[in-house]
Every structure is written in C-alpha cells, then in structure tokens.
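Right, one structure below, let's go through it.
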Amino acid sequence: MPRRKLFIAVLLAGSFAAPAGAAPTLLAPGITYERQVEFTPHGPVVLHVITAPKPDGSLYRLLPVLSNNAIVATQPVTVMEKDLAAQGTAAAVNGDYFNPNPGDPAGVLIRDGSLDSPPAGGRSSAGIAADGTLQVARVSFNGIWRGTGQRRSMTLNQPASGGLVTLYTSAWGPATPAENGAVEAVIPALPVTRPNSDLTGTVSQLVPGGGNVPIPPGGGVLVARGSQGAILQREAPVGTPLFLRLSLTPDWSGMTGAIGGGPVLVQNGRPVFRANEDIAATLLNPRSSRSAVGQLADGRILLVTTDGGVPGYSVGMTNFELALALVRLGATQAMALGSGAAASMSFDGSLLSRPSGKTEAEVADALVVLYTGVYVPAPTDVVISPNSDGVAETLTLSYRIVRPSTVSATVAGARSRQVLDAGVQQPGVHTFTFTGKTADGTPLAEGGYKFVVNATDDQGRRSTAERAFALNNTLASLSVSPSTARIRRSSRTALGVGFTLSRPATVIATIETKTGIVIRTLDAGKLQAGEQRLVWDGRTAGGSLAFGGAYVIRVVAENAVGRVELTQPFTATRG
C-alpha cells in the first residue's frame, strides 16, 4: 500500500466527516457542509448541514428533481445529482414521502412552474418563490375538466385510487397505467400545467380498454373510470376542445418549484411541537433518520439530514428534536421531508450522510441546490512536495463549467503567478498538472498558493471558484523498518521510523489504527534538517503491548513554511 500525503479531499461521506466544532467544509462557491455530533442521553446523534446562498434563479437555484424525470420510478439521490451534472453542481437531500410502487410522491411537486403532482391536503408543502423565498403552508387542490358538458372533477398524475378521473401528463411516464374498463382521451398538446391557469387541448383519440396508452410528450391523457367512462365518451369525442384547470389554494401559480413532505418544523423562528398534520405518530415520534429544508433570516437555504438507526454511531432524532435543531441553526421557516431509510444527503454524486440501511435508498424525488457557475473540486492533495521522494510530486487541478465561458485560471502565491488557462472554453471538465515549477523548470518558492478560476458564461453570468493548497518540501522519504513490526515484551525496538527534513521543524509522530485512533505519540519535538529516526517499542500510551493488526505511522512537520504530513501503513504481530 503506497504512502500518501494527508488532507486529500475526497467527496465521500467519511472524508467529509469533520469532528464536532470543526470549520465547515467548502463544497462549492457559497455552499458549505458541516457534520455535527451531539452526545445525548439516548446516544450519539450525527447531523449533516448544508448551507447555501439564497436562490437567485441564476447562479443558485433550489429545485425539486423527479427521479428518472418520471413519476413511475425511483432513484438514489446521488444518481439524480449525476444526471444534473451537465446543468450544474448539485447538493441535495431526499424529497417527499412516496409510494414505492409506482413511485409517485405523496404530496405536491412543481418543477419550473409546472404542477406534476397535487398536494396532500392534510400536510404541509414547501414552495419556492421566484425571489428565492421558501414558503411552508398547507395547500389544497381542485382539478376540473370540461368537454361539451359541465365542469367535472379530476386529479393529476395519480393511480386509480386517486379518483375516478385522472389527467396523466408526460411527467407521469411514457404511458398510462394498466387498468381494465377505463376510457382514455388522448390530448396531443397541452400548455405547461401551471397551477391556477386555464389549460386547453383537443382530443385526438378516444381509447377504451386496459390502459398502457402512450402519453404524448408535451400532451396528456385523460382517463375516466366507472360511471365517468361513459361521460368522457359522450362529452369528449374526437375533435372536442377540452378545458382543464389545476387549482391550488392558496394560489401558488407564482412558485417556480414546490415539494411535499411535512410536518412544518419551524414557523417565524420558533419550533413547532404539534403541527396536527395528517402524518402518523409512528413516523414522527421515534428517533430515526430524517431530512428537512429551512431558510435563514438572510435568505440562505439549509438542507439538513440526521443519521439514525445505528446505535453507537447515531440514534437519530424525533421530529420535534429535528425542529429544535433547525431553530438552533437559525432557521426562520422549515419543513420536514421524508424520513427513515430514505433520508440522505449528498453532493456532486457522493453521499455525505450514512444510510440507515446497507445501501443508499431509492426515492421518488429530491430537493437540490444547483450551482451553475464555475466549480473547482478540492485538489488531489492540499500539500505538494516536489522533493523527489515519489509522494505528491505533482498536483492535479481542475475546473468544470456547464456553458461556453470566457475563463481565466491561475495559480498564485509566494510572489509568483502562473496562468493555466485563458480564453473561451466549452462546457466540461478542464484538468491541469501543477508541478511546483516555472515553465523553464525553476522551482517555485515554498508557501501557500491558490488556484483561482474566473468565468463569464455566454449568458453574461460571472462566477469565481478557488481552492487553497501549499508547496512544502520540508518532509520527505518516510519509511518504516521492518514492514511487519514484531511486538515483544523483551524488545525496546519494534519499529524504526525514518524520514528527512529539508529544514528545521517541530515534528509529531503518532501510531494509529487504520481507523485513525491514536494509540501512541512518539517523542520528537524540534528537529534539525537532515535524516531523522524515531523508534516505537510496540507499546500503547498506557504502557501495555499493542495488539497485532494493521497500523499507520503519521509524521507531522510544522515550521514557518507551513504544515505537512506523511503516512505509511505497516502491520504488527505479537511474539
């Protein structure tokens, strides 16, 4: 197993797991992530918090995303994020409760102003206004259709149990569900299904039978069951103009997006203990994995997920405990989303939370913060040391844009500046190798550097992203001898640790388990430049013999240039 520099930033749940009180991790410009751990009388609780700028409809959007772009399916949130990569960089949590078969959300879904699923009348819904304001309210639905006769009731994109007449749009999926005895009126073209707007379309085909009628893209199919089937045949023959209206109360026609869930957690900055919503107590009272969305007083968005169901790691929260956590985080408005195994948080296609099941659950929809500006991933290392020891000799830097953009990408620091890219670039990932040297091979000065990318896309939107790293050759050539340490009571030397310092530094060396638990700190202190050697006698900090197994030696050197670390794995055996 090769040695490696530390501070490698990998977008995985464990890698983002910062200790309690640590500074938030920068995910993307303006978007941060924090992992909080609280020790309660019931056990530890792990809370994941994403904070993002107020949605401006330009660089930052808060939008519901439908799995597979269809109601009749489910997907992991990480897959939905990957599907959005061509549009921007996504941070997300799971969305509404849902019916696993066919996968329809239990409540409202509005995407880009189009109503795809009606609200659950007894539960809260979260609406996203055009100005980025989050509104949490109970919303009711009334759908009507009219052919040659009177106005009649209908529902939207729900199975047969949802009502006697259903309008299926292309948001449902490729075809209407299979069902016997239904009558289906095909409407080739419909306006965008904005709530509280008059919609008109003309019947092109009337199909009696068993369902599975293709839904025209941009159109719909009106399906009638039971006694309503004869009425649809009589009042909507081929060629009939149909009038349809999907009404929400209060009027949410101005919402760019909306998602269901519930109950309301925070109102006017205060936690809601009993919302009296149509949600079973068995979903609210047990400690469990949970997700929520909230908004701070300054408009910033909170996405929150608590892990649960894993004693010793995180027992989760009750619904009210989650409300208290949102208030502590500063939320003025907040609503719960789906809970249990479905609760998850991820960024750019990688999980941040820890699923309560063995794998990430599939869900019907997700709530996503989408950043559409230039994105710079964390570099492969935050310390580059081109000192010929074969470790972190070069640094991989990259940026990603989603629209044609005029770009300037530079590395600056320690009295130097290198231009890595300039000019108009096409969408995609652009990658560079930084060697720590000038174009003519002269070594750059050691110290702190920043990789900065400025971009202006073809719509005139400007964005900036940057990542910091350091160039530090202080520490090199870490080695252990022997590769398998033999731990004996009679031996004073179980392991020899060698390394080289290019300048004086304060050094700390630790023996750790492969999970990062420190079992011994080796005496080092201030060391001069040159080859160095430390010895481990095979004992823990308490003086007892260490157990056999896999270990890591970690050496940290710090001086005026900065802080640099090296690790080397080894194994130990007793006897």
Side-chain angles (χ1 to χ4, degrees), residues 55 61-67 71 92-99 103-143 155-158 162-163 167 169 171 192-197 245-268 271-272 274-280 283-284 290-295 301-304 319 322-323 326 331-339 342-343 363-369:
R61 298 176 61 197
L62 180 64
L63 66 159
V65 175
L66 189 57
S67 62
I71 289 175
V93 292
N94 62 291
D96 197 1
Y97 291 96
F98 61 97
N99 175 9
D104 54 316
V108 69
L109 185 70
I110 296 177
R111 298 181 299 160
D112 293 326
S114 176
L115 180 63
D116 296 328
S117 177
R123 295 187 179 186
S124 287
S125 301
I128 306 153
D131 66 354
T133 301
L134 187 71
Q135 297 185 22
V136 178
R138 295 192 198 185
V139 182
S140 61
F141 172 78
N142 180 37
T155 188
L156 172 69
N157 287 330
Q158 291 187 329
L167 173 65
T169 67
V192 174
T193 53
R194 299 188 186 280
N196 300 77
S197 299
R245 188 175 177 87
L246 308 170
S247 296
L248 297 181
T249 305
D251 184 353
W252 273 18
S253 58
M255 296 294 171
T256 60
I259 197 165
V264 59
L265 295 174
V266 181
Q267 284 182 325
N268 300 319
V272 177
R274 185 177 288 109
N276 295 319
E277 296 188 15
D278 186 18
I279 303 178
L283 290 177
L284 302 178
R290 299 184 183 277
S291 291
V293 57
Q295 190 163 42
I301 295 296
L302 290 175
L303 300 180
V304 175
N319 187 76
L322 182 60
L326 266 296
T332 56
Q333 301 289 323
M335 185 191 78
L337 298 167
S339 62
V363 296
D365 55 12
L367 188 60
V368 175
V369 171

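Worth saying up front: this structure is predicted, and the values here are computed from it rather than measured.
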Are Leu367 and Leu303 packed together at the side-chain level, in the sense that at least one heavy-atom pair is separated by less than 4.5 angstrom? yes
Between CZ of Phe141 and CG of Leu248, what distance do you get to the nearest 0.5 Å? 7.0 Å
d(Leu156 CG, Ile71 CD1) to nearest 0.5 Å is 7.0 Å
Rounded distance [0.5 Å steps], CG in Leu283 versus OH in Tyr97: 4.5 Å
Do you know the tightest heavy-atom contact between Val266 and Thr332? CG1-O, 3.6 Å
Below 4.5 Å, heavy atoms only, C-beta onward: do Gln135 and Ile128 meet side chain to side chain? no
Would you check if Val136 and Gln267 make a side-chain contact, meaning some heavy-atom pair closer than 4.5 Å? no
Atom OG in Ser291, atom CE in Met335: separation rounded to 0.5 Å? 11.0 Å
Minimum side-chain heavy-atom gap Asn319-Pro263 below 4.5 Å: yes
Modelled atom types, side-chain donor and acceptor of Asn157 and Thr169, under 3.5 Å: yes
Checking salt bridge (Lys or Arg N to Asp or Glu O under 4.0 Å) for the pair Asp112/Arg61: CA distance, chi angles, key distance, verdict? CA-CA 11 Å; Asp112 293 326; Arg61 298 176 61 197; 2.7 Å; yes
I'd like to check Pro119 versus Trp252 (side-chain heavy atoms, cut-off strictly below 4.5 Å). Are they in contact? no
Approximate separation, where rounding is to 0.5 Å, of Asn276 CG and Arg138 CZ: 7.0 Å
Any side-chain heavy-atom pair of Thr155 and Pro118 under 4.5 Å: yes
Is a donor on one side and an acceptor on the other found under 3.5 Å between the side chain of Asp365 and the backbone of Asp96? yes
Which atom of Arg290 lies closest to which atom of Leu322, heavy atoms considered: CB-CD2, 3.7 Å
Considering all heavy atoms, the nearest Leu326-Gly294 contact: CD1-CA, 4.5 Å
So which atom in Asn196 and which in Arg245 form the shortest heavy-atom distance, rounded to 0.1 Å? O-NH2, 3.1 Å
Yes or no on side chain to side chain contact (heavy atoms under 4.5 Å, CB included) for Leu265 and Gln333, after CA distance, side-chain angles and deciding distance? CA-CA 7 Å; Leu265 295 174; Gln333 301 289 323; over 6 Å; no
Do side-chain atoms of Asn94 reach the backbone of Gly338 as a donor and acceptor pair under 3.5 angstrom? yes
Do the side chains of Val139 and Val108 get nearer than 4.5 Å, heavy atoms only? no
Can you tell me how far CZ of Arg194 sits from CG of Leu115, rounded to the nearest 0.5 angstrom? 11.5 Å
Does the side chain of Leu337 reach to within under 4.5 Å of the side chain of Ile259, using non-hydrogen atoms? yes
Check against side chain to side chain contact (heavy atoms under 4.5 Å, CB included), Gln295 and Thr133: CA-CA 8 Å; Gln295 190 163 42; Thr133 301; 4.1 Å; yes
Side-chain donor or acceptor of Ser125 paired with backbone N/O of Gly260 under 3.5 Å: no
Which pair of heavy atoms, one from Leu109 and one from Pro64, lies closest together, and at what distance? CD1-CB, 3.5 Å
For Glu277 and Gly262 the tightest heavy-atom approach is OE1-CA, 3.9 Å
